[in-house]
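Everything quoted here is computed from the prediction, not taken from an experiment.
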Amino acid sequence: MDLAIAMKERNPDPSILRSLSEKLYLRTLHDLKRESLSIHEMVIAHGGFPEERFETMSYLLKKIKDCVITENPEFDAPESDKSLVKHRTPVIPDDFRCPISLELMKDPVIVSTGQTYERSCIQKWLDAGHKTCPKTQQTLLHTALTPNYVLKSLIALWCESNGVELPKSQGSSRHKRSGAGGSECDRAAINVLLQKLTNSNPEEQRAAAGELRLLAKRNADNRVCIAEAGAIPLLVELLSSPDSRTQEHAVTALLNLSINEANKGTIVSAGAIPDIVDVLKNGSMEARENAAATLFSLSVVDENKVIIGAAGAIPALIDLLCHGTPRGKKDAATAIFNLSIYQGNKVRAVRSGIVPPLVRLLKDPGGGMVDEALAILAILASHPEGKIAIGQADPVPVLVEVIRTSSPRNRENAAAILWSLCTGDVQCLKLAKGLGAEEVLKELSENGTDRAKRKASSVLELLQRIQVVDS
């Protein structure tokens, strides 16, 4: 809650920032500097964060830093660190240097191979007639330059932490945008790639779809620009490509584009859902995983839940849940959960045989799918057909064990499922009682989440009633 308030309010209560400073162990400027550098190392090691996430973290660190400085102006890094800072010039991290000039970059941009350069340096290289990437020697698919906003933010943070004057770029690195689209350089790149998508050359189509996939992942501006340029219908066509890699790039590009709310409607209007379901059924494992994630993203819009369920997605998602990789199983489970919020899809899921595999996952803690299985079972148990199917799978012993030993959220879901099963079913109540449910439910009714307390108390009332009847 403190984090949410700190991010939402322009000037949050200082007591909230003080609390965060303590809880996150960011009590001094030295702590904050180490955290900033750790974030930098993480970004480099993992190939970059989404721009929005990195900016959120940087924004939060700045607020905490301002609070620390205001309240403890004299409380800084240890004296040994201070003397070191005074008598040395900080070493520029290699990732912050332009591979051409070896100088600290002030306006980093990305070329089509994914390498980053200082804009002025790579522009001179291109103006000289070169068609390759200086670092990798790969042929450039196009000569458009995409701003690397994440790296620029990292450089700014590093400069601030090390007392280095921030480099000044020529004009604004974020070019003027017309309308709501991306920068002009992004538009140029996207237009070239769209031409390649319509080409009959399979290799060019594959490469262009892969580039659009990366551009759509990179930032929000690109997602808007790609959609405005008319890429979505072309990518939908490629979902039925006989080339598995092209198909994979196309579905993943649509996944990345669907992060933008307006693009969800465009994707559905282009008739993508049946083709995405077909990829989910027949594509490579990576394509199937990303198809499941795309369906989840699209199903955030309520009316799409109906369309996706009617297109036959649920049996294919269940198959991925049973036979996919660990990541594929989680993608499938997330999509099934979201789709099952719509009553009609609960029935589809139950009739497609989802309950037995969910209970098997529930009985296999080492499989890492207990949380997801419980969440889906809890939502299915609210439907009469779901309740019957779950009861037939003999889940009561494992539900009681989950309530006894698992996490607060899992205990809550297990109690909700147990309540649904026991309501109106004396045999289920007697089975739960024989397994020691009374004791664990009493503990949950005192120490669980609010919802868990309510469900536990309701089951306890049912158990007391059968005791009265028996007596």
J.: Which residue pairs pass the salt bridge (Lys or Arg N to Asp or Glu O under 4.0 Å) test when at least one of the two sits in residues 358-371, sequence neighbours left out?
T.: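 Pairs touching residues 358-371 that pass the test: none.
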
J.: Does the pair L377 and N413 meet the rule for a side-chain contact (heavy atoms from CB on, under 4.5 Å), with working shown?
T.: CA-CA 8 Å; L377 286 169; N413 281 329; over 6 Å; no

J.: Test side-chain contact (heavy atoms from CB on, under 4.5 Å) on D425 and L421 and set out the steps.
T.: CA-CA 7 Å; D425 189 331; L421 296 177; over 6 Å; no

J.: Might you point out which heavy atoms bring T116 and I110 nearest each other, and give the distance in Å?
T.: OG1-CG1, 3.6 Å

J.: Can you name the closest pair of heavy atoms from T246 and P202 and give their distance?
T.: OG1-O, 4.3 Å

J.: Enter the distance from L462:CG to S457:OG here, rounded to the nearest 0.5 Å.
T.: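 Here the rounded value is 11.0 Å.
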
J.: Enter the distance from I226:CD1 to N256:CG here, rounded to the nearest 0.5 Å.
T.: 8.5 Å

J.: Quick one: are K430 and K433 in side-chain contact, heavy atoms under 4.5 Å?
T.: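 A side-chain contact under 4.5 Å is absent here.
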
J.: Looking at residues at least two apart in the chain, or sitting in another chain, which of them share a side-chain contact (heavy atoms from CB on, under 4.5 Å) with V268?
T.: I273, L298, N304, I307

J.: Does the side chain of N345 come under 3.5 Å of the side chain of S340 through a donor N or O and an acceptor N or O?
T.: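 There is no such pair between these side chains.
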
J.: Give a yes or no on whether the backbone of L257 and the side-chain of N263 come within a donor-acceptor separation of less than 3.5 Å.
T.: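 Between the backbone of L257 and the side chain of N263 there is a qualifying donor-acceptor contact (under 3.5 Å).
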
J.: Could you tell me whether K264 and E261 have a side-chain N and a carboxylate O separated by less than 4.0 Å?
T.: yes

J.: Of all residues at least two apart in sequence or in a different chain, which pass the side-chain contact (heavy atoms from CB on, under 4.5 Å) check with Q195?
T.: none

J.: Just by modelled atom types, is the K196 backbone N or O under 3.5 Å from a matching donor or acceptor in the E204 side chain?
T.: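 Looks like no, no N/O pair under 3.5 Å.
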
J.: How about V236 and I276: do any of their side-chain heavy atoms sit closer than 4.5 Å?
T.: no

J.: Show me the pairs that pass side-chain hydrogen bond (donor to acceptor under 3.5 Å, both in side chains) and involve residues 265-275, at least two apart or across chains.
T.: none

J.: Please check if any side-chain donor atom of K217 sits under 3.5 Å from a side-chain acceptor atom of T252, or the reverse.
T.: no

J.: Show the atom names and distances, to 0.1 Å, of all donor-acceptor pairs under 3.5 Å that link a side chain in residues 386-399 to residues at least two apart or in another chain.
T.:
{"from": "K387", "atom 1": "NZ", "to": "S420", "atom 2": "O", "distance (Å)": "3.1"}
{"from": "K387", "atom 1": "NZ", "to": "T423", "atom 2": "O", "distance (Å)": "2.7"}

J.: Report the distance from atom OG of S445 to atom CG of L460, rounding to the nearest 0.5 Å.
T.: 5.5 Å

J.: Do I64 and L60 have side-chain heavy atoms sitting under 4.5 Å apart?
T.: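 Contact flag for I64/L60 side chains = yes.
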
J.: Not counting sequence neighbours, which residues clear salt bridge (Lys or Arg N to Asp or Glu O under 4.0 Å) with E443? List them please.
T.: R411

J.: Can a donor-acceptor pair be found, under 3.5 Å and without considering hydrogens, that links the side chain of S299 to the backbone of L295?
T.: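 Yes; at least one donor-acceptor contact below 3.5 Å.
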
J.: Taking S112 for its side chain and L141 for its backbone only, find out whether a donor-acceptor pair lies under 3.5 Å.
T.: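 Yes; at least one donor-acceptor contact below 3.5 Å.
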
J.: K455 versus V459: any side-chain heavy-atom pair under 4.5 Å?
T.: no

J.: Show me the donor-acceptor pairs within less than 3.5 Å that the side chains of residues 314-324 make with the rest of the protein, sequence neighbours left out.
T.:
{"from": "D319", "atom 1": "OD1", "to": "H323", "atom 2": "ND1", "distance (Å)": "3.1"}
{"from": "D319", "atom 1": "OD2", "to": "R288", "atom 2": "NH2", "distance (Å)": "2.9"}
{"from": "H323", "atom 1": "ND1", "to": "D319", "atom 2": "O", "distance (Å)": "3.3"}

J.: Would you list the pairs meeting salt bridge (Lys or Arg N to Asp or Glu O under 4.0 Å) in which at least one residue belongs to residues 298-309, sequence neighbours left out?
T.: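 As it turns out, the salt bridge (Lys or Arg N to Asp or Glu O under 4.0 Å) pairs with a partner in residues 298-309, which skip direct neighbours, are D302-K305.
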
J.: Let me check something: any side-chain donor-acceptor pairs from residues 328-337 under 3.5 Å, sequence neighbours excluded? List them with distances.
T.:
{"from": "K330", "atom 1": "NZ", "to": "G368", "atom 2": "O", "distance (Å)": "2.9"}
{"from": "K330", "atom 1": "NZ", "to": "E372", "atom 2": "OE2", "distance (Å)": "2.8"}
{"from": "D331", "atom 1": "OD2", "to": "R327", "atom 2": "NE", "distance (Å)": "3.3"}
{"from": "T334", "atom 1": "OG1", "to": "K330", "atom 2": "O", "distance (Å)": "2.7"}

J.: Let's go through H383 and V350 carefully: what are the C-alpha distance in whole Å and the side-chain angles of both, what is the deciding distance for side-chain contact (heavy atoms from CB on, under 4.5 Å) to 0.1 Å, and is it a yes or a no?
T.: CA-CA 10 Å; H383 191 280; V350 171; over 6 Å; no

J.: Do N410 and V370 make a side-chain contact, defined as non-hydrogen atoms from C-beta onward lying under 4.5 Å apart?
T.: yes

J.: Going by the rule side-chain contact (heavy atoms from CB on, under 4.5 Å), which residues pair with Q138 if we only count those two or more places apart in sequence or in a different chain?
T.: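 Only T113, T136 meet the side-chain contact (heavy atoms from CB on, under 4.5 Å) criterion with Q138.
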
J.: What are the two closest heavy atoms between L429 and C422, and how far apart are they?
T.: CD2-CB, 3.5 Å

J.: Do W419 and E461 make a side-chain contact, defined as non-hydrogen atoms from C-beta onward lying under 4.5 Å apart?
T.: no

J.: At what distance, to the nearest 0.5 angstrom, does CD of E289 lie from CG of L280?
T.: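 Atom-to-atom, E289:CD and L280:CG are 10.5 Å apart.
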
J.: Taking all heavy atoms of R404 and all of L435, pick out the closest pair and write down the distance.
T.: NH2-O, 3.7 Å

J.: In the structure I gave you, are the side-chain heavy atoms of N338 and I341 within less than 4.5 Å of one another anywhere?
T.: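 Touching, per the 4.5 Å side-chain cut-off.
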
J.: Does L214 have any side-chain contact (heavy atoms from CB on, under 4.5 Å) partners at least two apart in sequence or in another chain, and if so, which?
T.: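 Partners of L214 under the side-chain contact (heavy atoms from CB on, under 4.5 Å) test: E211, R218.
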
J.: Any heavy-atom pair between the side chains of L380 and L358 that's under 4.5 Å?
T.: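 Answer yes - side chains close enough.
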
J.: Pair E35, L61 - check side-chain contact (heavy atoms from CB on, under 4.5 Å), show working.
T.: CA-CA 9 Å; E35 185 72 8; L61 283 177; 3.9 Å; yes

J.: Under the salt bridge (Lys or Arg N to Asp or Glu O under 4.0 Å) test, which residues partner E22, sequence neighbours left out?
T.: R27

J.: Can you tell me how far apart CG (L418) and SG (C428) are? Round to the nearest 0.5 Å.
T.: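 Atom-to-atom, L418:CG and C428:SG are 6.0 Å apart.
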
J.: Could you tell me whether the side chains of E412 and T449 share a donor-acceptor contact shorter than 3.5 Å?
T.: yes

J.: Take a 6.0 Å sphere around CD of E203 and say whether it holds more than 12 heavy atoms from other residues, nucleotides or ligands.
T.: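 No.
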
J.: Please say whether more than 12 non-hydrogen atoms of neighbouring residues, nucleotides or ligands are located less than 6.0 Å from CZ in R245.
T.: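 Yes.
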
J.: Under a 3.5 Å threshold, yes or no: a donor from one side chain and an acceptor from the other, between S15 and D13?
T.: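 Judged by distance alone, the side chains do pair up.
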
J.: Measure across L193 and L215 and return the closest heavy-atom pair with its distance rounded to 0.1 Å.
T.: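 For L193 and L215, the tightest heavy-atom pair comes out as CD1-CD1, 3.6 Å.
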
J.: Do S284 side-chain atoms and S244 backbone N/O form a donor-acceptor pair below 3.5 Å?
T.: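 Absent.
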
J.: Spell out, as yes or no, whether a donor-acceptor pair under 3.5 Å connects the side chain of S406 to the backbone of I403.
T.: no

J.: So how far is it from R18 CZ to K23 NZ, rounded to the nearest 0.5 Å?
T.: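 It comes to 12.5 Å.
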
J.: Closest approach of V109 and P147, non-hydrogen atoms and distance?
T.: CG1-CA, 4.1 Å

